[in-house]
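Before any comments, here is the structure.
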Amino acid sequence: MSAPAPSPLAIVDAEPLPRQEEVLTEEALAFVAELHRRFAPRRDELLARRAERRAEIARTSTLDFLPETAAIRADDSWRVAPSPAALEDRRVEITGPTDRKMTINALNSGARVWLADFEDASAPTWENVILGQLNLIDAYTRRIDFTDPVSGKSYALKDAAELATVVMRPRGWHLDERHLQVDGEEVPGALVDFGLYFFHNARRLLDLGKGPYFYLPKTESHLEARLWNDVFVFAQDHIGIPQGTIRATVLIETITAAYEMEEILYELRHHASGLNAGRWDYLFSIVKNFRDGGTRFVLPDRNAVTMTAPFMRAYTELLVRTCHKRGAHAIGGMAAFIPSRRDAEVNKVAFEKVRADKDREANDGFDGSWVAHPDLVPIAMESFDRVMGERPNQKDRLREDVHVEAADLIAVDSLDAKPTYPGLVNAVQVGIRYIEAWLRGLGAVAIFNLMEDAATAEISRSQIWQWINAGVEFENGLKATPELAREVAADELANLRAELGEEAFAAGHWQQAHDLLLEVALDEDYADFLTLPAYRLLRG
C-alpha cells in the first residue's frame, strides 16, 4: 500500500490580498511546505537548545569560546567562498521594510546594498508578508511605481546600473507565521520569507547578474548557521541552480554568537558573505542572557552605550579581525538618525555624530556600514571613500593587532555610565510609541528623530526589567520599581492623549501598547521576545 500524499500547505485566517496568487502559487506553497517538513523539527530542537544554554549562563554568569570547536578556530587554511561581483563593494547599505515606496526609494538611494527587511523593520501582518514579496518581484521585473496619495508625488526606478543590490532579511527562527500551516502546524516565519523569495526570484536575480542574497538575524550559535546552510543546499538543488549561488551575511546580534563568529562562518563557508555588528539587539541579548548575573551586568541608558564602550569595542574589533581572517566582509552598525525638515541645527549636530561613527568604522577596518535614511548615504559614503578609495573593500586589513579575551566581551562593568531617571522615561516613551505603531502594522517608525525598529523596543523593555530587578537607584533618589514604571507609563499615556486629541488617541492602539510594554517589562518571567506576545495582538 502506497503512503498517503503529504497534505498541502494551508492558508489560514487570512483575507485575500490583491495579486496574492502571484506569490502564493501552488508550486511556491509546495516548496515552503517541503522546507517546513524537512527543517522545522531541527528548528524546534535548536530553540530548545537556546533555553538550555540560557539556563547554563544563569548558573555560571559567564561565557567562553567553545572548546569543542577549537580546531576550527586554530585552522588558518579555510576561507569563505569568494564574493560575487554584486557583493564585492558594500561600503554603504540602507535598511528598511519592503513597502512599495520604500522599495523604490531604497533601490534608488545611491547605497550599494539595500537590506530589504521582513524582520525587525516589518510588523508581520499578512499584508506586509505577502505584498512585500510582490513588491520585490515587481522591482526585479521593473513593474513597480508609486504615487503618494497625499502629496501626489510619483516614484519610479532609476536605470538598473544605479540600483542597490538587494540583501533580503527573513524573520528569525523563533517566529512562526500563523497564516500558513502544514499538517496543522504553523510554518516558521523564516522559512516562509526565505522560501517565497528564493522560489520566485533566484533565477530572475541570476539573469540580472546578481543572486539570492540574505541577511540572517537573531542567530545564537553555529548550529543554527548549520541549519541555514542545509536549507540553502536543499533549496539550490530543488530549483537546479549551482551550489554557492546563495550568499548569506549573518548578524552577530546575540552575545552567544559573538563567541562563535568563526564557527558560524565555517558552517556557511560555501555561502557566507560576511558578518554584521549591530547594537540594540546585541545589548538586548546581553540583558536577556545575564539577567541573573547581578549588578556588574546592569547597563546604563541605551544611548550611553556607544560602540566605543570597551566591551562593545572588543566585539566590533573581534568581528573585523574574524571576517578578514576568513575572507568575509565586516559590516558595521546602523546610523538611525532621521533628518529634520524644520531644524537645521539638529541636523548639523546629528550629521557630525554620524560622520564620526562612520569614520571610526572605516578606520577600524569595516568594509561597509548601515544607514536608515537616504540623506545619510552620502555622509557614510564619504567616510568609507576616504579610507578605501577605489578599492571595493578592505579585507586585506587583517587586524592582527586585535586580541580579545572571552571576558572582554562581557565586561559590561567597564563602562562608567549609570542608569538615569530620564533614561527610564525615554525607555517607556519609546517602548509605548513603537509598540503602538507595530500593532498598526508599522515596523520602522520615526521616534524623536531616530528610525526605530523592534530591536529598539526590545532593549527599552529589557532595561526597564533589568533596572527594576537590580534595584537601581537613580540620580534623583528614586528607586526603579514596578510602581515607578507604572507611574511613568501612565504619565506618557496622558501626555499622548493630550498631544493627539481624544479622537486620534482612541483610533490608535495606545492602551494596548501601554499594557503590553508593562507586561513584558514587569513580569517576573522574562519573555524571550517582545514580538511573541505582540504577535497575538496583531490583526491582519
Q. When you look at CD of E27, are more than 12 heavy atoms from neighbouring residues, nucleotides or ligands closer to it than 6.0 Å?
A. yes
Whether T141 side chain and D138 backbone form a donor-acceptor pair below 3.5 Å: yes
Validation row: V187, D176 side chains within 4.5 angstrom (heavy atoms)
no
ring-ring contact (aromatic ring centres under 6.0 Å, His included) filter on Y213, not counting sequence neighbours, yields none
**Asked** Does any donor atom in the side chain of E34 or H238 lie under 3.5 Å from an acceptor atom in the other side chain?
**Response** no
Sorted by chain and number, sequence neighbours left out, side chain to side chain donor-acceptor pair (under 3.5 Å) with H200 holds for none
*Under a 4.5 Å cut-off applied to non-hydrogen side-chain atoms, are F118 and Q133 in contact?*
yes
Between W173 and R50, is there a side-chain heavy-atom distance shorter than 4.5 Å? yes
Against the six-membered ring of Y535, is R178 placed for a cation-pi contact (under 6.0 Å from the centre, within 45° of the normal)? yes
Worksheet entry | Beyond-backbone contact of F214 with T249, side-chain heavy atoms, under 4.5 angstrom | no
H179 meets the ring-ring contact (aromatic ring centres under 6.0 Å, His included) criterion, sequence neighbours left out, with W126
request  = Could you tell me whether the side chains of E436 and H509 share a donor-acceptor contact shorter than 3.5 Å?
outcome  = no
| said: Under 6.0 Å from the ring centre and within 45 degrees of the ring axis: does the NZ or CZ of K288 meet both conditions for the six-membered ring of F529? | reply: yes
Distance alone, cut at 3.5 Å: any donor-acceptor contact between the side chains of S154 and T147?
yes
Main-chain N/O of A534 paired to T531 side chain as donor or acceptor, under 3.5 Å
no
For the backbone of L251 and the side chain of K218, can you confirm whether one donor and one acceptor N or O come within less than 3.5 Å of each other? no
Give a yes-or-no answer on whether the side chains of R54 and N289 include a donor-acceptor pair shorter than 3.5 Å. no
Stepwise, does the salt bridge (charged side-chain N to carboxylate O under 4.0 Å, His left out) test hold for R49 with E45? CA-CA 6 Å; R49 186 178 181 275; E45 292 170 4; over 6 Å; no
Item to complete: Run the numbers on V167 and W114 for side-chain contact (heavy atoms from CB on, under 4.5 Å), then give the verdict.
Response: CA-CA 6 Å; V167 180; W114 171 36; over 6 Å; no
message: Distance to the ring centre below 6.0 angstrom and angle to the axis at most 45 degrees; does that hold for R497 and W510?
response: no
Fill in: S369 versus R90, side-chain donor and acceptor atoms under 3.5 Å
no
- Just by distance, do the side chain of Y434 and the backbone of S460 share a donor-acceptor pair under 3.5 Å? no
Just by modelled atom types, is the H222 backbone N or O under 3.5 Å from a matching donor or acceptor in the E260 side chain?
yes
### Message
Is it the case that the side chain of T256 and the backbone of E220 share a donor-acceptor pair, with hydrogens and angles ignored and the cut-off at 3.5 Å?
### Response
yes
Sequence neighbours excluded, the answer for side chain to side chain donor-acceptor pair (under 3.5 Å) partners of E458 is R461
| query | For the ring pair F337 and H373, is the centre-to-centre distance below 6.0 Å? | reply | no
Donor-acceptor pairs are to be reported for all side-chain atoms of residues 227-236 against protein atoms at under 3.5 Å, with residues two or more places apart or in another chain.
{"residue": "N229", "atom": "OD1", "partner": "H271", "partner atom": "ND1", "Å": "2.8"}
{"residue": "D230", "atom": "OD2", "partner": "R42", "partner atom": "NH1", "Å": "2.7"}
{"residue": "D230", "atom": "OD2", "partner": "R42", "partner atom": "NH2", "Å": "3.1"}
{"residue": "Q236", "atom": "OE1", "partner": "G244", "partner atom": "N", "Å": "3.2"}
{"residue": "Q236", "atom": "OE1", "partner": "T245", "partner atom": "N", "Å": "3.0"}
{"residue": "Q236", "atom": "OE1", "partner": "I246", "partner atom": "N", "Å": "2.8"}
{"residue": "Q236", "atom": "NE2", "partner": "F232", "partner atom": "O", "Å": "3.1"}
{"residue": "Q236", "atom": "NE2", "partner": "Q243", "partner atom": "OE1", "Å": "2.8"}
{"residue": "Q236", "atom": "NE2", "partner": "H271", "partner atom": "NE2", "Å": "2.9"}

Contacts of D99 meeting side chain to side chain donor-acceptor pair (under 3.5 Å) (sequence neighbours excluded), chain-then-number -> none
